[in-house]
Amino acid sequence: MNLISKISASAAIGVTAALTMFGNSAMAFTVTPNNNTNALLNALLGDTTGLSNFSVNATGNTDAFGLFSDDPFGLKDGIVLSTGNVTDVVGPNDSEGTSGSGTLAQLDISFDAGASVEKLFFQYVFGSEEFVEWGGSAYNDSFELLLNGVNLAKLTDGKTVTINNLVPNAAGPYHADYINNPLGSLGTELDGYTKTLTFEGLLNKNAKNTLSIKIKDVGDTSFDSAVFIKGKSVGVVAPPQDVPEPSLMLGLLSVGGMTLMSRRHKQKALKA
């Protein structure tokens with residue numbers, strides 16, 4: 001296959017990926033309330049080689065836990081925890097502040113780790129109705145991922161995952177990990193959310209470990225926050241590195257193709 005053919009083939013793959021992405025975003029975001037701890041655990045666990053004896057406990061209202069699919073964040077499916085009702089996170093964003101009846105949702109998972117495993121990983125997205133109006137205020141809803149008591153829920157600059165760290169001031173500027181979702185947006189009711197973030201924590205070998213996934217209202221019980229954990233991502237294998245968005249890939253391929261064609265035109269001109 002010559003270089004032009006390779007570029008054409010790569011471009012076709014990029015177009016397919018882009019169409020797939022757009023097609024997925026158009027699919028119906030579905031959230032189903034479910035506080036069955038075994039169902040939640042089964043939805044989360046991926047490659048758990050070296051881990052055993054899992055047990056799980058849920059704290060919070062029954063409507064604070066659920067399963068999701070075809071989400072607008074790119075996770076595909078998984079579990080959701082909310083300080084209100086999980087079904088309220090489904091778009092469109094037609095309200096400036098949705099509020100449920102809960103204040104805390106927590107999932108505690110305990111398990112044994114053998115001598116061969118080093119770390120636990122998974123991917124998540126945090127979102128809230130507190131954005132952006134209440135950034136920098138006392139209504140600083142928070143999300144924690146406690147591995148053996150240590151909070152390892154961090155943004156890409158190492159800050160903890162809170163309303164105020166993502167939106168220090170309603171007028172901006174905002175954190176680089178923050179994605180705004182203004183009124184009228186179709187994907188989710190939440191007014192903003194994070195990019196997909198990765199949890200990574202060192203395990204205690206040959207010992208019992210506890211992972212606590214905890215989201216809570218701070219300052220009041222109004223305006224819900226939620227966290228989405230990617231399905232089958234909790235395990236001992238690091239998630240794949242991010243790849244460029246299909247649109248960016250197409251742009252790079254186009255630049256490459258134009259550069260190649262320009263060189264060929266120059267070669268023809270020199271030969272002439």
Side-chain angles (χ1 to χ4, degrees), residues 34-60 64-69 71 73-83 86 104-127 142-162 165-166 175-177 193-216 225-244:
N34 191 326
N35 71 328
N36 182 288
T37 54
N38 288 329
L40 297 173
L41 182 63
N42 289 337
L44 286 178
L45 296 184
D47 187 337
T48 56
T49 304
L51 308 180
S52 60
N53 299 324
F54 284 89
S55 63
V56 59
N57 181 64
T59 303
F65 304 87
L67 303 173
F68 71 86
S69 62
D71 65 285
F73 319 113
L75 299 176
K76 187 178 177 181
D77 57 48
I79 76 165
V80 54
L81 280 66
S82 172
T83 60
V86 291
L104 168 72
Q106 182 169 336
L107 201 63
D108 297 306
I109 304 170
S110 64
F111 55 92
D112 294 327
S116 63
V117 291
E118 296 285 341
K119 293 182 177 182
L120 187 72
F121 303 91
F122 59 87
Q123 294 179 295
Y124 64 95
V125 167
F126 167 79
S142 66
F143 168 54
E144 295 177 302
L145 293 168
L146 302 166
L147 183 60
N148 301 317
V150 179
N151 181 22
L152 297 174
K154 300 296 176 69
L155 302 173
T156 52
D157 60 0
K159 293 180 179 179
T160 55
V161 182
T162 66
N165 281 340
L166 285 158
H175 196 284
D177 292 342
Y193 50 88
T194 66
K195 297 177 180 178
T196 299
L197 300 170
T198 298
F199 169 91
E200 178 179 327
L202 286 172
L203 292 165
N204 291 333
K205 296 183 178 182
N206 294 319
K208 180 73 69 179
N209 290 258
T210 300
L211 173 69
S212 295
I213 303 170
K214 182 178 180 180
I215 188 166
K216 63 179 180 179
S225 293
V227 63
F228 305 83
I229 312 293
K230 181 178 175 64
K232 305 301 181 184
S233 71
V234 176
V236 297
V237 177
Q241 295 294 315
D242 291 338
V243 297

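Sequence positions, counted from 1, serve as the residue numbers for this chain.
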Just how far is it from atom [atom1] of [X] to atom [atom2] of [Y], taken to the nearest 0.5 Å?
X    : Y    : atom1 : atom2 : answer
N148 : S110 : CG    : OG    : 10.5 Å
F228 : Q123 : CZ    : CD    : 15.0 Å
K154 : N165 : NZ    : CG    : 10.5 Å
S69  : L75  : OG    : CG    : 12.0 Å
F65  : I213 : CZ    : CD1   : 9.5 Å
T198 : K230 : OG1   : NZ    : 10.5 Å

Nearest heavy-atom neighbours spanning [X] and [Y]:
X    : Y   : value
A226 : V80 : CB-CG2, 4.3 Å
A105 : S82 : CB-O, 3.4 Å
I79  : A43 : CG2-CB, 3.8 Å
V117 : L51 : CG2-CD2, 4.0 Å

Any donor-acceptor pair under 3.5 Å from [X] side chain to [Y] backbone:
X    : Y    : value
N151 : L145 : yes
T37  : N57  : no
K214 : Q106 : no
N209 : D112 : no
T83  : S225 : yes
N42  : N38  : yes

Surrounding NZ of K76 (heavy atoms of other residues, nucleotides or ligands, distance under 6.0 Å), is the total greater than 12?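 At most 12 heavy atoms, drawn from other residues, nucleotides or ligands, come within 6.0 Å of this atom.
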Given the rule in the side chain to side chain donor-acceptor pair (under 3.5 Å) test, do D108 and T59 qualify, once you have shown the distances and angles that lead to the verdict? CA-CA 8 Å; D108 297 306; T59 303; 4.5 Å; no
Which of these, V227, V125, T156, sits in a side-chain contact (heavy atoms from CB on, under 4.5 Å) with T194? V125
With under 30° as parallel and over 60° as perpendicular, where do the rings of F73 and Y193 fit, or are they tilted in between?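 Judged by the thresholds at 30° and 60°, the geometry between F73 and Y193 is perpendicular.
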